[in-house]
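Structure first, commentary second.
Computed from a predicted model, the values in this text were never measured in an experiment. Below, read A as the first sequence line, B as the second, and so on, with proteins coming before strands; counting in each chain starts at 1.
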2 protein chains.
Amino acid sequence: MIEVMARAATTSDVFNAIAEPQRRDILALLRAGERPVTELAQELGMTQPGASKHLRVLREVGLVRDRKAGKQRLYGLDARGLRPVHEWTGGFERFWNESFDRLDAYVQDLKQTRQEE
Amino acid sequence: MIEVMARAATTSDVFNAIAEPQRRDILALLRAGERPVTELAQELGMTQPGASKHLRVLREVGLVRDRKAGKQRLYGLDARGLRPVHEWTGGFERFWNESFDRLDAYVQDLKQTRQEE
DNA sequence: TTGACGCATGCCGATATGGGCATATGATTG
DNA sequence: CAATCATATGCCCATATCGGCATGCGTCAA
């Protein structure tokens, strides 16, 4: 299975899975509790097949869990997978507090950082 | 320009831009300071054109800045765009601390949440 | 001016996406 | 069993991806 790489699959990664706005919307909505597919679709203004497909991706990366409830299938949040993303971005916290207003300062700062290596 | 949507462009969003592992590597490396393209490519084991392309994406979403330095072009980090991602994931913090060890507990919890609506 | 170097861009190929739509699959009820 | 409701899938299309490779373009040195 030698795959001639193109863009990584949405299911390859939590980062890829949440790159899609609608999937982020689903996750956000699920914070309020379990929801059956159709309800999700309605509340977010997407078609049922559309919702199902996004839920599939979310399920495959483990951000969502489902359980049967009679005729329905309830989807619930499992946010643990978001933690790595939060931590990764957190590693840049000290950088987004820097002032970039003046290019001068920016350049100075970088030069300095570079010298400290 | 009616675009029959496919997967969103990598430049449409910071979320999409950082969905690519190599781009995350670039950002991480840039925390140590500015770097010319070739150096980045070498240190991360990618081709020069490859690095340039990823840097282009990062530049377009504003995660990176560049400035000419003679023959070279130095790229530097501008992490401010990562903040929204950090905050978005942070909105799920209380959820990833929940215990999912026993499915029972999980189901109980969701049932309860649902009733509280 | 001519090279050489550093980087950006263009083109190609293989792949996967997300939307729309139809339909298959499952479970429930009468 | 048949009809119905809830979901999942399959297929098609247009698009953009990422990698590889060649090449264009700007800058600096001899």
A side-chain contact here means heavy atoms from C-beta on lying under 4.5 Å apart; do [X] and [Y] qualify?
X: L40(B); Y: L29(B); value: yes
X: L63(B); Y: I18(B); value: yes
X: T10(A); Y: E20(A); value: no
X: E34(A); Y: R67(A); value: yes

Exercise. Would you jot down, in residue-number order, the residues of residues 19-26 of chain B having a non-hydrogen atom under 4.0 Å from DNA chain C?
Key: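 Listed by number, there are none.
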Practice problem: Name the residue closer to the 5' end of DNA chain C, choosing between K53(A) and G50(B) according to the nucleotide with the nearest heavy atom. | Solution: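 The answer here is G50(B).
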Self-check item: Minimum heavy-atom distance L77(A)-F95(B), with the two atoms named
Solution: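 Of all heavy-atom pairs spanning L77(A) and F95(B), the closest is CD2-CG, 3.9 Å.
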Which whole-number value in Å describes the distance from [X] [atom1] to [N] [atom2]?
X: D66(B); N: dG26(D); atom1: CG; atom2: P; value: 16 Å
X: I18(A); N: dG18(C); atom1: CD1; atom2: P; value: 13 Å
X: N16(B); N: dT17(C); atom1: CG; atom2: C1'; value: 11 Å
X: F15(B); N: dG18(C); atom1: CZ; atom2: P; value: 15 Å
X: L55(A); N: dG19(C); atom1: CG; atom2: P; value: 12 Å
X: M46(B); N: dC21(D); atom1: CE; atom2: P; value: 17 Å
X: R73(A); N: dT9(D); atom1: CZ; atom2: C1'; value: 14 Å
X: L74(B); N: dG6(C); atom1: CG; atom2: P; value: 13 Å

Nearest-nucleotide pick for [X], side chain only, options being [options]:
X: T10(B); options: dT9(C), dT17(D), dG10(D); result: dT17(D)
X: S52(B); options: dT17(C), dT7(D), dC7(C); result: dC7(C)
X: A9(B); options: dT17(C), dT17(D), dA8(D); result: dT17(D)

Quiz item: Looking at the rings of W88(A) and H86(B), which for Trp means the six-membered one, are their centres under 6.0 Å apart?
Solution: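 Distance test on ring centres: not under 6.0 Å, no.
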Considering just the side-chain nitrogens and oxygens of [X], establish if one lies under 4.0 Å of OP1 or OP2 belonging to [N].
X: T38(B); N: dG6(C); result: no
X: R56(B); N: dA8(C); result: no
X: R7(A); N: dT17(C); result: no
X: H54(A); N: dT17(C); result: no
X: Y75(A); N: dA8(D); result: yes

For [X] and [Y], test the side chains for any donor-to-acceptor distance below 3.5 angstrom and give the result as yes or no.
X: T38(A); Y: Q42(A); result: no
X: N16(B); Y: R23(B); result: no
X: Y75(B); Y: R59(B); result: yes

Quiz item: How many angstroms lie between atom CG of D66(A) and atom CG of L55(A), to the nearest 0.5 angstrom?
Solution: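 Atom-to-atom, D66(A):CG and L55(A):CG are 8.5 Å apart.
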Quiz prompt | Base-contact (B) and sugar-phosphate-only (S) positions in nucleotides 22-30 of chain C, heavy-atom cut-off under 4.0 Å, - elsewhere | solution = B---BSS--
